Amino acid sequence: QVQLAESGGGSVQAGGSLRLSCAASGDTRRITHVTWFRQTPGKEREGVALIYRRLGTTAYADSVKGRFTISQGMTTVYLQMNSLKPEDTAMYYCAAAAVQGWLGSRWTRSGEYNYWGQGTQVTVSS
């Protein structure tokens, strides 16, 4: 089993920065992909950024390209968020998949992920 714990959320003004962390514990060797999702009330979860752990390959939603950067340590995945906008306000979740090969375009589908954290709130004020 794998456990995920997010941290680093908070409240910032537009233009500010935050760094989120997703700490994994348990049988972390089985994790192949880690993705940050975000969700606001009444909307579906949106895939924000992905990292394919074996090769370090990354992918981003168009809405965050050039502003967010995903990176990884041994058992932690980070999301550096710069130039934050009010529309980035959401609950941010990290999710881990244990699958063969590269997820490709499926990376934004929440059903592809086996493990989820509890989430951390990010609020950006104008």
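Note that the structure is a prediction, hence the values are computed from the model and not measured. Note that the numbering runs from 1 along the sequence shown for the chain. Heavy-atom basis, side chains included; hydrogens, waters and symmetry copies ignored.
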Note, E112 side chain near T35 side chain (heavy atom, < 4.5 Å): no

Are side-chain heavy atoms of N114 and V2 found at a separation under 4.5 Å? no

Run the side-chain contact (heavy atoms from CB on, under 4.5 Å) test on L20 and V122 for me, step by step, so that the C-alpha distance in whole Å, both residues' side-chain angles and the decisive distance to 0.1 Å come before the verdict. CA-CA 9 Å; L20 306 183; V122 171; 4.0 Å; yes

Looking at Y92, does the NZ or CZ of R38 lie under 6.0 angstrom from its six-membered ring centre and within 45 degrees of the ring axis? no

Using side chain to side chain donor-acceptor pair (under 3.5 Å), reason through Y115 and R30 one step at a time and then give a plain yes or no. CA-CA 11 Å; Y115 309 102; R30 62 173 58 195; 3.0 Å; yes

Can you tell me how far apart OG (S83) and CZ (R67) are? Round to the nearest 0.5 Å. 7.0 Å

Minimum side-chain heavy-atom gap E46-S63 below 4.5 Å: yes

Side-chain heavy-atom pair I51, H33 within 4.5 angstrom cut-off: no

Spacing of L4 atom CG and W116 atom CH2 [to the nearest 0.5 Å]: 10.0 Å

What's the spacing between T28 OG1 and Q3 CD if we round to 0.5 Å? 10.0 Å

Would Q80 and S17 count as a side-chain contact (heavy atoms from CB on, under 4.5 Å) if you check the C-alpha gap in whole Å, the side-chain angles of each, and the deciding distance to 0.1 Å? CA-CA 7 Å; Q80 178 66 44; S17 299; 3.9 Å; yes

Are V124 and L18 connected in the hydrophobic side-chain network, where two residues link if heavy atoms are under 4.5 Å apart? yes

Is T32 reaching over with its side chain to a backbone N or O of V99, donor-acceptor style, under 3.5 angstrom? yes

According to a hydrophobic-cluster definition based on side-chain heavy atoms being under 4.5 Å apart (Ile, Leu, Val, Met, Phe, Trp, Tyr only), do V64 and V77 belong together? yes

Walk me through whether Y60 and I70 qualify under side-chain contact (heavy atoms from CB on, under 4.5 Å). CA-CA 9 Å; Y60 296 91; I70 191 169; 3.4 Å; yes

Return the minimal non-hydrogen interatomic distance between A14 and S126, and the atom names on each side. CB-CA, 4.3 Å

Donor-acceptor contact present, side-chain E6 to main-chain G119, <3.5 Å: yes

When you group the ILVMFWY residues by side-chain heavy-atom contacts below 4.5 Å and let the links chain together, are V48 and Y93 in the same group? no

Checking salt bridge (Lys or Arg N to Asp or Glu O under 4.0 Å) for the pair K85/D88: CA distance, chi angles, key distance, verdict? CA-CA 5 Å; K85 304 176 181 180; D88 295 318; over 6 Å; no

Hey, what do you get for OG1 (T120) to CG (L79), rounding to the nearest 0.5 Å? 11.0 Å

Quick check against the 3.5 Å criterion: does Q72 have a side-chain atom that pairs as donor or acceptor with the backbone of R53? yes

Are L55 and L103 linked, directly or through intermediate hydrophobic residues, by side-chain heavy-atom contacts shorter than 4.5 Å (ILVMFWY only)? yes

Within 6.0 angstrom of Q118 CD, more than 12 heavy atoms from elsewhere: no

Is there a side-chain contact (heavy atoms from CB on, under 4.5 Å) between S110 and E44? Walk through the geometry before answering. CA-CA 9 Å; S110 57; E44 291 188 3; over 6 Å; no

Considering only heavy atoms from C-beta outward, does the side chain of N82 approach that of F68 to under 4.5 Å? no

So how far is it from F37 CZ to W107 CH2, rounded to the nearest 0.5 Å? 7.5 Å

Measure the shortest side-chain to side-chain distance between T89 and Q121 over non-hydrogen atoms and say whether it is less than 4.5 angstrom. yes

At their closest point, which heavy atom of A61 faces which heavy atom of G47, and how far apart are they? CB-O, 3.4 Å

Within one Ile-Leu-Val-Met-Phe-Trp-Tyr cluster: M91 and Y78, side-chain cutoff 4.5 Å: no

Would W102 and Y52 satisfy ring pair (Phe, Tyr, Trp, His ring centres under 6.0 Å), going step by step from the backbone distance to the final call? CA-CA 7 Å; W102 166 238; Y52 180 37; 5.5 Å; yes

